[in-house]
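Values reported hereafter were calculated over all heavy atoms of this structure, with side chains retained and with hydrogens, waters and symmetry mates removed. When a ligand or atom number is given, it counts from 1 through the structure's own listing order.
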Amino acid sequence: MEQNPAEKIILALDGMNQREVFDLVEQLPNLQWVKVGLELFVSSGPEVIKELRERGLRVFLDLKFHDIPMTISGACRQAARTGAELITVHACSGFVALKEANLAAINGAAEVGCKPPTLLAVTVLTSWESKRFSRELGITEPIEQRVEFLAQLAAEAGLGGCVCSPLELKTLRKLFHEPFKLVTPGIRTKGADLQDQTRVMSPSEALSYGATYLVLGRPITKAIDPVIAFKNLCSELEDY
Ligand code: C5P
């Protein structure tokens, strides 16, 4: 790979407090991207984003906003003001909400001199399984079809990408070309513990199917030696 492989990897900072987060990222000098999720954001607030950015890291703010147009726009404007470069919203918020949120994020970033962030649409959460999906939500169409439909809605509303499972990459990449970003969790190197991930793919496979960024958490954060785990992951991608 010509690019620095670390530019493709987003480290999910789940299950750690602020101190543990800073201890970890300081051990990984080549790390470029981190994902701040609900747990860290709710416990530490926007200050944690500022501190991560001061350490030279790029931030994916994964708060999965889902609300009415006015509220989601306000949240996205404020999220963009933190300097986060990727921000998630639920596609189910609808066309108007997505469009207004996107514009609000662009404006919010401009207000503080940051470059406009990319809003990423969350389509169907990876924790849904088809039987429960139809029984509990009353949606009978296959999950894959729903994912495509919602990704299309997001693209039409002007969003810059979506989050998808590795198994949806191939189909979505055929429908949506770069610069539309496809960001995928569910990445595991060969022989790794799957934890609660069920639909997994190796890092190089996911890139070959068109992933823009790979989100990995526990394979690094819970590794006996996170430094070696991150280094091995980068080497695996170098050969890609
Ligand atoms: O499993 P791992 O720790 O690598 O998870 C990284 C990210 O993937 C999590 O922050 C979460 O957003 C996402 N994830 C997912 N589906 C799961 C487990 C995690 O999409 N079943």
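- Checked against salt bridge (Lys or Arg N to Asp or Glu O under 4.0 Å), R53 has no partners two or more places apart in sequence or in another chain.
- Within a 6.0 Å sphere centred on CD1 of I228, heavy atoms belonging to other residues, nucleotides or ligands number 12 at most.
- Within the 3.5 Å criterion, the main-chain N or O of N30 finds a donor-acceptor partner in the side chain of Q32.
- A salt bridge does not link E7 with R58: none of the charged nitrogens is closer than 4.0 Å to a carboxylate oxygen.
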Going by atom type alone, with no hydrogens or angles, which donor-acceptor pairs under 3.5 Å involve a side-chain atom of residues 149-163 and a protein atom two or more places apart or on another chain?
unit_1: Q152; atom_1: NE2; unit_2: E156; atom_2: OE2; d: 3.2

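- At a heavy-atom cutoff of 4.0 Å, ligand 1 is surrounded by A12, D14, K35, D62, T126, P185, R188, D196, Q197, V215, L216, G217, R218, P219.
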Enumerate, atom names and distances included, each donor-acceptor pair closer than 3.5 Å involving a side-chain atom of residues 207-218, sequence neighbours excluded.
unit_1: S208; atom_1: OG; unit_2: E205; atom_2: O; d: 2.7
unit_1: T212; atom_1: OG1; unit_2: R173; atom_2: NH2; d: 3.2
unit_1: T212; atom_1: OG1; unit_2: E178; atom_2: OE2; d: 3.4
unit_1: T212; atom_1: OG1; unit_2: L182; atom_2: N; d: 2.9
unit_1: R218; atom_1: NH1; unit_2: D196; atom_2: OD1; d: 3.3
unit_1: R218; atom_1: NH2; unit_2: D196; atom_2: OD1; d: 2.6

